[in-house]
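Every chain is numbered from 1 and lettered A, B, ... according to where its sequence line falls, protein lines coming before strand lines.
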Amino acid sequence: MPRYALLATHSLGQPASDAGEDVAAVVQLLGTDGEPEGALEPVTRDRIPAVVAAIEARGLRWVWDRTGDWYPSLLAAGVSVERAHDLSLCRNILRFSTSADETAYVDSLRRQDPDAADGPPQALAPPRPPENQGALFEEAKPATAAAETLAEEFRRQLEAVPRTPRGRRLQLLLAAESAGAVIAAEMRHHGIPWRSDIHAALLRDELGPRTAHGVRPARLEELAHLLRSLLGDPALNPDSHQDLLRALNRAGVPAKSTSQWELQEYTHPALKPLLRYKKLSRLLSANGWAWLDAWVADGRFRPEYVVGGVVTGRWASRGGGALQIPHGIRDAVRADPGRVFVVADAAQLEPRVLAALAGDRALADAARGRDLYQGIADRGFGGDRASAKIAMLGAMYGATTGESGRLLPQLARTFPRAVGLVEQAARHGEGGGEVCTFLGRCSPPASPQWLAAQRTSSAEEQRRADQAARTRGRFTRNFVVQGTAAEWALCWLGELRRRLRAERAAGREVGEVVFFLHDEVVLHVPAAFAADASAIVEQAAAAAAELMFGSIPVEFPVSVATVDSYADAK
DNA sequence: ACGGGCCGCGCG
DNA sequence: AAAGCGCGCGGCCCGT
């Protein structure tokens, strides 16, 4: 009985451009260990959705190189899939994971040039299609591996995961990452509901009537004029940092930079309008009319999510700044008529993850209530919540100076296991070592240049090397926490999707997941389903914790709000 | 004209 | 009172 179905662009017997004008894909059924079962089936472009839907109905799991190559057009054709294995994402994890067996495949991944475009390792690379060899003037295309090559790689990936507790965690990570890719494509397909009219009205209120690109709107022009007179510089361009710094210094403001946190330290009549100018200028350049034109169409903002785009495993995005939507314009995110948003946020995810990672019973106890920082404060800081929060964030980020650094010993006395874990991660990174998340995503190894710089003789170089070591230590320190939190969030998303699909399969109208932001998820659901959706989001959070950590005394509460406008969440 | 570096600021 | 993590993006500046 086949268990998987591989979808690829061509087979070795049929190089892409030889495969007949309409053959756009080949499907190969695979058994439990990835071994081929039956013949390769060529599929013409117009039949791909129907063929996928038929195989999907048999309950097989998809295997493909990149989810983004296939799934968007399947979704456009109305076909969704239950599960997939994304070879490229799993390749990236296996490359550095110390939980993987040191097979020849994993070894070849580790040897890959860090700057090379990713793809199957050299040993598995397909022969170059012959017709490309003379085509000197053709645009270079990334090689699309043949079905046989990808099937082989899938087997190598399966066999690289050991049958041990660590291996099972790695297996979960590979599954969660692949599920993330599927969810990311679905979120882009649905898009975030975005009211251009509300956004435009907000721009007009703040900036004045719309102007051509490159022309300052009225409010900004007025402020620029005012700044020129207040700083006594008729030629001042407030968008130029060096212009601005010179003018400020001449006017008696001894700022070293033009950043807002530094400027607000000084007193000068020009500073208030300058900060106002910066605020409005940012709104215009980042989320002004040009942004609306470029990114919002048919009432939806459809950003591209880059799963695993951050080294820690967090998602990144490309285009439109999807993960940086300012709070000030979130009122443009409005539910369709008859629908609402269910917005859920994992409360203080990272310190909770640290408690679970370190098995720190005291921190788990502190996290029992709904307010983790108050719990920490009550146990180690005489009830002072602000200090507790600064100390905890400093411990996870590697602060050494200021209040945060000063409070660290106090935190360490109360929660020795949790603080010990991040300290050890930091020491390891400073020494050039790698660290790993709970499920087994590992930090990239130190570069040869970094290692070489650590062995130096001159005093000045040594100072720089020490600085680089501390910087790397802060990175590895944070990696274990941020990366494990990202894994929890992936599991949360996956569990949420599974439950929503089950509801949908039972005939209920459940809406969609439309946005995900590290530890927050937004569902766009029929109003009648909102209460059920809220419960499902909470169940998914509990299930994610259980899936990753098993039965542990650490709670992962989510705060859920049902709103019409995203601005009203939290 | 284009692009890399840097700054500054938005998000978590 | 801005130290300490991870990103994307747009603008300016200066090199080619």
Side-chain angles (χ1 to χ4, degrees), chain A residues 213-214 216 220 237-245 255-265 274-275 277-288 290-291 294-295 303-330 345-351 353-354 386-387 389-408 422-423 425-426 429 435 437 441 443-444 467 470-486 488-489 515-521 566 570:
Chain A
H213 193 65
R216 278 199 191 94
L220 275 175
N237 170 13
D239 294 322
S240 162
H241 297 147
Q242 37 188 264
D243 243 33
L244 200 51
L245 203 54
K256 303 284 286 167
S257 82
T258 65
S259 63
Q260 29 183 350
W261 64 258
E262 183 175 357
L263 291 182
Q264 68 196 7
E265 301 306 303
L274 176 54
L275 292 176
Y277 180 91
K278 281 169 161 283
K279 217 21 141 215
L280 292 182
S281 160
R282 167 80 192 182
L283 172 64
L284 173 68
S285 66
N287 299 100
W291 183 91
W295 296 108
E304 180 183 355
Y305 300 93
V306 186
V307 175
V310 180
V311 275
T312 58
R314 274 188 173 182
W315 292 11
S317 72
R318 196 154 38 216
L323 305 185
Q324 303 129 255
I325 299 170
H327 289 110
I329 63 166
R330 292 188 179 184
D345 177 293
Q348 302 117 13
L349 178 57
E350 292 194 352
V353 156
L354 177 55
S387 292
K389 184 172 179 180
I390 286 170
M392 195 66 202
L393 292 173
M396 293 187 300
Y397 289 158
T400 53
T401 63
E403 192 180 356
S404 187
R406 203 161 44 69
L407 292 168
L408 186 64
V422 288
E423 287 295 325
V435 296
T437 60
R441 191 192 305 263
S443 62
Q467 169 66 31
R470 285 192 295 272
T471 298
R472 185 173 154 80
R474 288 192 300 273
F475 166 65
T476 53
R477 167 196 294 270
N478 187 247
F479 183 97
V480 294
V481 178
Q482 187 184 117
T484 305
W488 183 91
F515 191 50
F516 171 62
L517 185 56
H518 308 314
D519 59 1
E520 178 181 331
V521 65
Y566 186 30
K570 140 177 176 183

### Query
Ignoring hydrogens and angles, are the base of dG4(C) and the side chain of Arg477(A) linked by a donor-acceptor pair under 3.5 Å?
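Check fails, no donor-acceptor contact within cut-off.
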### Query
Do the side chain of Arg314(A) and the base of dC7(C) come within less than 3.5 angstrom through a donor-acceptor pair of N or O atoms?
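When only heavy-atom distances are counted, Arg314(A) does not reach the base of dC7(C) through any donor-acceptor pair under 3.5 Å.
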Side chains of [X] and [Y]: does their closest heavy-atom pair fall under 4.5 Å?
X	Y	answer
Leu354(A)	Met392(A)	yes
Val306(A)	Trp315(A)	no
Leu244(A)	Leu274(A)	yes

Give the nucleotide from the list [options] with an atom nearest to the side chain of [X].
X	options	result
Gln242(A)	dC7(C), dC14(C), dG12(B)	dC14(C)
Ser285(A)	dC5(C), dG12(B), dG10(C)	dG10(C)
Asp519(A)	dC12(C), dG12(B), dG8(B)	dG12(B)
Glu403(A)	dG10(B), dA1(C), dA3(C)	dA1(C)

Rounded distance in Å - [atom1] ([X]) to [atom2] ([N]):
X	N	atom1	atom2	answer
Tyr277(A)	dG8(B)	OH	P	15 Å
Arg216(A)	dG11(C)	CZ	P	12 Å
Leu284(A)	dG10(B)	CG	P	14 Å
Leu407(A)	dA3(C)	CG	C1'	13 Å
Arg406(A)	dG4(C)	CZ	P	16 Å
Leu275(A)	dG8(B)	CG	P	13 Å
Phe475(A)	dC7(C)	CZ	C1'	12 Å
Asn287(A)	dG11(C)	CG	P	12 Å

With a cut-off of less than 4.0 Å, is there a side-chain N or O of [X] near OP1 or OP2 of [N]?
X	N	value
Lys278(A)	dG8(B)	no
Lys279(A)	dC9(B)	no
Arg474(A)	dC5(C)	yes
Gln260(A)	dC9(B)	yes
Thr312(A)	dC5(C)	no

Assign [X] to base, sugar-phosphate, or nothing according to its heavy-atom contacts below 4.0 angstrom with the strands shown.
X	result
Ser257(A)	sugar-phosphate
Ser281(A)	nothing
Glu262(A)	nothing
Val481(A)	nothing
Arg330(A)	sugar-phosphate
Ala286(A)	nothing
Ile390(A)	base

### Query
Between Tyr566(A) and Phe515(A), how do the two ring planes meet: parallel, tilted or perpendicular, split at 30° and 60°?
perpendicular
## Note on the structure
Between Leu323(A) and Tyr305(A) the two heavy atoms that sit nearest each other are CD2-CE2, 4.2 Å
### Query
Does a sphere of radius 6.0 Å around CZ in Arg330(A) hold more than 12 heavy atoms from other residues, nucleotides or ligands, not counting ones at 6.0 Å or beyond?
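Enclosed: over 12 neighbouring heavy atoms sit under 6.0 Å from CZ of Arg330(A).
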### Query
Is the NZ atom of Lys278(A) crowded by more than 12 outside heavy atoms at less than 6.0 Å?
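It does: Lys278(A) NZ has more than 12 such atoms within range.
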Any donor-acceptor pair under 3.5 Å from [X] side chain to [Y] backbone:
X	Y	result
Arg474(A)	Met396(A)	no
Ser317(A)	Glu304(A)	no
Thr476(A)	Arg472(A)	yes

### Residues Tyr277(A), Arg216(A); criterion side chain to side chain donor-acceptor pair (under 3.5 Å); working and verdict
CA-CA 11 Å; Tyr277(A) 180 91; Arg216(A) 278 199 191 94; 2.9 Å; yes
## Note on the structure
Dot-bracket assigned to DNA chain C with the 3.5 Å Watson-Crick/G-U criterion, [ ] for crossing and | for other-strand pairs, is ....||||||||||||
### Query
In residues 317-327 of chain A, which ones come under 4.0 Å of DNA chain C, going by heavy atoms?
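Listed by number, they are Ser317(A), Arg318(A), Gly319(A), Gly320(A), Gly321(A), Gln324(A).
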